[in-house]
Amino acid sequence: MYAALADTDLGRVIGDDDGTGDRRVDGVDDAELLALYRSLVLLRTYDERSVVYHSQGRIGTYAIFWNHEAIQAGAVHALRDDDWIFPSYRESAIGLLRGMPPTTILQWWRGHPSGWWNPADWNLGSIAVPIATQVPHAAGLAWGKKLRGEDSCALVFFGDGATSEGAFHEGINLAAVMNAPLVLMCNNNQWAISTPIAAQTRARALADKAVGYGIPGVRVDGLDVLAVHEATRDAVDRARAGGGPTLIEALHYRAAPHGTADDPRAYVDSARVAEERGRECVGRYERYLRRAGLLDDALVAEIKDAALQAMREGITAAEAEAPADPELLFANAYVGPPGNMRNG
Amino acid sequence: MYAALADTDLGRVIGDDDGTGDRRVDGVDDAELLALYRSLVLLRTYDERSVVYHSQGRIGTYAIFWNHEAIQAGAVHALRDDDWIFPSYRESAIGLLRGMPPTTILQWWRGHPSGWWNPADWNLGSIAVPIATQVPHAAGLAWGKKLRGEDSCALVFFGDGATSEGAFHEGINLAAVMNAPLVLMCNNNQWAISTPIAAQTRARALADKAVGYGIPGVRVDGLDVLAVHEATRDAVDRARAGGGPTLIEALHYRAAPHGTADDPRAYVDSARVAEERGRECVGRYERYLRRAGLLDDALVAEIKDAALQAMREGITAAEAEAPADPELLFANAYVGPPGNMRNG
Amino acid sequence: MAELTLLEAVNDALHTELERDADVMVLGEDVGRAGGVFRATAGLLERFGAGRCVDTPLAEAGLLGGAVGLCMAGWRPVVEMQYDAFSYPCLDQLITHVGRYHWRTGGRMEFPLTIRMPYGGGVRAPELHGDSPEAYYVHTPGIKVAIPSTPADAKGLLAAAIRDPDPVVIFEPKLVYRTARGEVPEGDYVVPLGKARIAREGTDVTLIAYGAMVNVCELTAEALDVSCEVIDIRSLRPLDEETILDSVAKTGRVVIVHEAPRTAGFGAELAALIAERAIFDLQGPVLRVTGYDVPYPYWTIEDAYMPSVERVSAAVRSLLG
Amino acid sequence: MAELTLLEAVNDALHTELERDADVMVLGEDVGRAGGVFRATAGLLERFGAGRCVDTPLAEAGLLGGAVGLCMAGWRPVVEMQYDAFSYPCLDQLITHVGRYHWRTGGRMEFPLTIRMPYGGGVRAPELHGDSPEAYYVHTPGIKVAIPSTPADAKGLLAAAIRDPDPVVIFEPKLVYRTARGEVPEGDYVVPLGKARIAREGTDVTLIAYGAMVNVCELTAEALDVSCEVIDIRSLRPLDEETILDSVAKTGRVVIVHEAPRTAGFGAELAALIAERAIFDLQGPVLRVTGYDVPYPYWTIEDAYMPSVERVSAAVRSLLG
Ligand SMILES: Cc1ncc(C[n+]2csc(CCOP(=O)(O)OP(=O)(O)O)c2C)c(N)n1
Ligand SMILES: Cc1ncc(C[n+]2csc(CCOP(=O)(O)OP(=O)(O)O)c2C)c(N)n1
Ligand SMILES: [Mg+2]
Ligand SMILES: [Mg+2]
């Protein structure tokens, strides 16, 4: 039914910088194209400012997602607001695309309790730190919604390294067997900290793993926001129509450190990183929009300024917040706490 | 590279009962054909006698492997003695094929400590009770042998249900990435206790799971001992030549209860079971050998008698053994036991 | 009131709770078509349909992780782990998520899931069918743990667990699944978590146990010419400290009994509680009679592993001797 | 003798042991190319090659299960779990196989594997980078557990673990990875498992701790006008009961300190040991100062979770007051 991908199977919508290969995605109008751009810029700005804030000691260790924005924005824009998102730490700021204030996410990275939210308020799971453990959650949520007769679906993000974990396997299989409306979005940045994809799997394409679960697997260019968007939209349509899960592999190459605590010089090929940085996804989409006549310098500046302003307000608000009350150690551990919980 | 299997991909060597389709496996001579038959009969006899012994209260709960003998014998005969075998409870008696006395295995099922052996004595891992947990052991052993420059390989048995476990996934992936000389033999009897294969996976063929690990996957008729043998031999050859692991799916249908404690009437289709029992693997191979002129009534009776005799001696020896010494609770828990180990 | 086995009481609780609350669902390996390997879930599939009694793939981490997602979708999942030792693959989800997710949402989202499993030894089963893993669970913050020893408590505690807004793990002593028989109230019946049961009153020594070991303590009490108070703690977290401390204040002597290995087992916690809060009540050492710090053995010698009337009696005698 | 950090001492031990015994190999996530996220394995890949220092796929159960197979092939694997809380997926292999396989072979096959991991809180890290999981490990039969608090012990205990014929788990207190500095013998150096260390002698009260809490106890001892004996137990299994009991016999007062949640933590085992074997030596309750029974918190409030000099002092004062 489903066969392994050929090397040439790599979905693309945005063409070369001279416009060769540019396409439009059916049903995505100009307003949506611009909305996608705003999201990309918001994420990029969040990320770049966070690295600065970290170096200034204003936030803690931070997982950098520079050049992963096309995957994140492209996928989330294909969802309805009642669809659920399950992020890993790599998608920590994904809530921004649902209107979550930057402060919340900054506080998460500042280790402040106001950085945690009610998933039901945003249809957004908590940031998952243990690799791949969120995949079964997403499968359960999607399946559970279907059992209740609701037609919302779920999207789960995870990395290439995550595909080696048992939790990934058990989660995707559960979703497949239950025919759960789930989109599995693999951010294949070809590194798990210092471990290259070749030491992670012998599969040629991670999307090929779909075959073993009897579901469709597609691979797209992870730096092409529209390709990600189109693939996700197709997967969401299939899920909502009762067709079950889809595995999407968004292929790119990590062009920044794993996080602020990581020094990749020990293990990466710097020339390759430099090359990848030159192909970064926001500029690429910006040029596409300019070619399409949808964007000019003024609008670019306005969107960037708005994002910067949001971040300034976000960090100011975070820093203005009172220190966390140590009482919060106990407040939320249980709904009905055991009597001896405070013994220590 | 590797694509999902077509429905027609099901390796066979033994033809229909009128001989149509009969083949010989290259390199398997008459003596080996008869040796395979002896192994089948030994296993069948072990299994049938065990069910009787259980009903007589002479052994404990027992996992029946009736009609799984072709998979077990076909695979093991493709190994050298220095190759390792990792059985699940379903292959509890696999040691017989390496010359292990029936008593040892009977004692295991009698809960007697003399039922446990040194894996290095037989190149045979212990019987794995927790599903799929032996897959990483086999991967580690095979990889470890390769690292030491030895050219032995490993064979691991597991069921269809086992393919849902994280341990299966992590083990097969480890083997693939390390290019370990491992043959993964999936006994697809289409049931995990009461759970049918369709509730276990959405993959059309379990062999298709190989695609996601970048290794070859093949499917054979699990009631055709020669087909299993041939596929295993090819996989072993590849492994020894440095080609890494192979996933083999041996397809059949469980025609006996899961174990002596199980009453499958609640969930199986009895008509299908009756049909499957009619196609059982020992008789099928016996007829093949008769068609080839290698077997007659006298030899059949002799082989069966020898097997029955071995079982009689086995159970007698088991029952003659002294009750286990409770000191064995402690004797082997540690090489260097902590001082407080006997406190209780 | 009906006279039921402990196993039937579990089945009764499940029927009652699924009937009572349309959000309750049961999932696990072989819980549907087969009605569970012990038949604890028998009849649920027929009565409540395949959407509320679900045979899952063979994957305990996926099962428990899936249940976390089901909670988010508004369900109250009751997850069966087929056996004690087969629950271990779920510990990662338990520790990293089940016990933490409520707290991680600032207390705004609830995870009212229940895990239930048969546990304990003495049933002449193959390896890894006799473990007592309660310490792994009760050491995990965010989790509650209860262990019934009677049919009525098996029903009442399971109902309490299912209705509880926090994740609760129920260990069902498989040794007494079919041997413990007793009156079980019909219909709605809840035994609140956090209340111990005085199984037998006495004045000379306090025997503290749970699960199948309660019966061992009761038999010891009968066998000895000593007035033993037997406490069935029923709920390991929340723990009824008062009942324990009151009894120790009365008797001054304690023997704690469990099947699990001794080191850092739950008996250590009970002993530590007493050593902290009742030290001046004690007339002797706090003794534990437990499984040993060795792998649970092959079954021909399991009786030598399991705490017995003899071993508990010896401990009691050493306190009074 | 060289003056090393605890982290450097770990690295030294690994170099020394890989040099000493060609069967020793190191495996884990990011241990090779990157030399470990803390750089505990730095230099091994370069010195011993890709066959003896191996970056594995991201799969902790596969990693530990693979190590079981490596033992069967004659290796002595040293497995790194990247962080405390990321070791949980390996618990199934630990409990069902690592702790049982030797016994299951009738004592005929050895599984001399070592698991090492950074553990504990106080390092201002995101969620799930601050757990203290030692109780899960030490409750598991067949496993030995040691926890160094000084650079010399970090080297010596790790060497002992690697040479030990049984599976040993070493928890390395990441809070003091780079702050604890001390003299570490060069070359061959072993600190035997099962011997506690008296970090400070005293007569009024015994403070028992391990890992980063030893330093908290030492600081408490310095801060208080009370003669505190500080015992660094170093090895949780085997446990040096004599050193503990001797000290309690001398002081009659005990405070046990650990970071892990209180309920059924290893402190409970220590308290239970004392309640059983030293009850008549005690002049007061056996106190525990521990982490709370709540999820390890976000880091801005982690100091309120961690046992501190203030909390330990308060416990000591309450015993002497
Ligand atoms: C279960 C678990 N093991 C180990 C880690 C430590 N760790 C954090 S990120 C990471 C690499 C993840 O790689 P990948 O899945 O490719 O995601 P990426 O970081 O590239 O987005 C590892 C090993 C963890 N968080 N969880
Ligand atoms: C981890 C684990 N979970 C559950 C069980 C209980 N159990 C024993 S056999 C079995 C079904 C296994 O099915 P399959 O893998 O298809 O093997 P088969 O029995 O059909 O040979 C189950 C669920 C177990 N042994 N281990
Ligand atoms: Mg990655
Ligand atoms: Mg099967």
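The chains referred to below are lettered A, B, ... by the order of the sequence lines, with proteins before strands, and numbering in each begins at 1. The basis for the numbers below is simple: all heavy atoms, side chains too, and nothing from hydrogens, waters or symmetry mates. The shown structure was predicted, so the numbers you read here are calculated from the model rather than taken from an experiment.
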*Check: D:F38 and D:P118 side chains under 4.5 Å, non-hydrogen atoms*: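 Contact flag for D:P118/D:F38 side chains = yes.
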*Best-contacting candidate, A:P264, A:G161, A:P337, against chain D by heavy atom pairs under 4.5 angstrom*: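 Going by pairs under 4.5 Å, I would pick A:G161.
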*What part of A:I131 is in contact with chain D, defined as an atom under 4.5 angstrom from a non-hydrogen atom: side chain, backbone, both or neither?*
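It is the side chain, since no backbone atom gets that close.
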_Under 4.5 Å from any heavy atom of chain D - which part of A:A261_ =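 Neither part.
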*Audit row: D:L44, D:V31, side-chain contact (heavy atoms from CB on, under 4.5 Å) steps and yes/no*: CA-CA 9 Å; D:L44 296 175; D:V31 297; over 6 Å; no
*So, does A:E249 use its side chain to make a donor-acceptor pair with the main chain of A:A207 at under 3.5 Å?*
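Confirmed, A:E249 side chain pairs with A:A207 backbone.
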*Please lay out, stage by stage, how A:Y253 and A:V273 fare under the test side-chain contact (heavy atoms from CB on, under 4.5 Å).*
CA-CA 8 Å; A:Y253 188 95; A:V273 168; 4.2 Å; yes
*Working for side-chain contact (heavy atoms from CB on, under 4.5 Å), residues D:L63 and D:M81*: CA-CA 9 Å; D:L63 177 53; D:M81 296 286 156; 4.2 Å; yes
*Listed by chain and number, what are the side-chain hydrogen bond (donor to acceptor under 3.5 Å, both in side chains) partners of A:W122, not counting sequence neighbours?*
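Listed in chain order: nothing, the list is empty.
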*Residues A:V51, A:W66; criterion side-chain contact (heavy atoms from CB on, under 4.5 Å); working and verdict*: CA-CA 10 Å; A:V51 173; A:W66 195 88; over 6 Å; no
Could you list every donor-acceptor pair linking chain A to chain D (distance under 3.5 Å, backbone and side chains)?
from   : atom 1 : to     : atom 2 : distance (Å)
A:G111 : O      : D:T300 : N      : 3.0
A:G111 : O      : D:T300 : OG1    : 2.5
A:S194 : N      : D:D30  : OD1    : 2.9
A:S194 : OG     : D:D30  : OD1    : 2.7
A:T195 : N      : D:D30  : OD1    : 3.4
A:T195 : OG1    : D:D30  : OD1    : 3.0
A:Q200 : OE1    : D:L58  : N      : 2.7
A:G344 : O      : D:T290 : N      : 2.8
A:G344 : O      : D:R311 : NH2    : 2.8

*asked:* Is the distance between the ring centroids of A:F158 and A:F168 under 6.0 Å?
replied: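 When the ring centroids of A:F168 and A:F158 are compared, they turn out to be within the sub-6.0 Å range.
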*Heavy-atom distance under 4.5 Å to chain A: side chain of D:V54, backbone, both or neither?*
neither
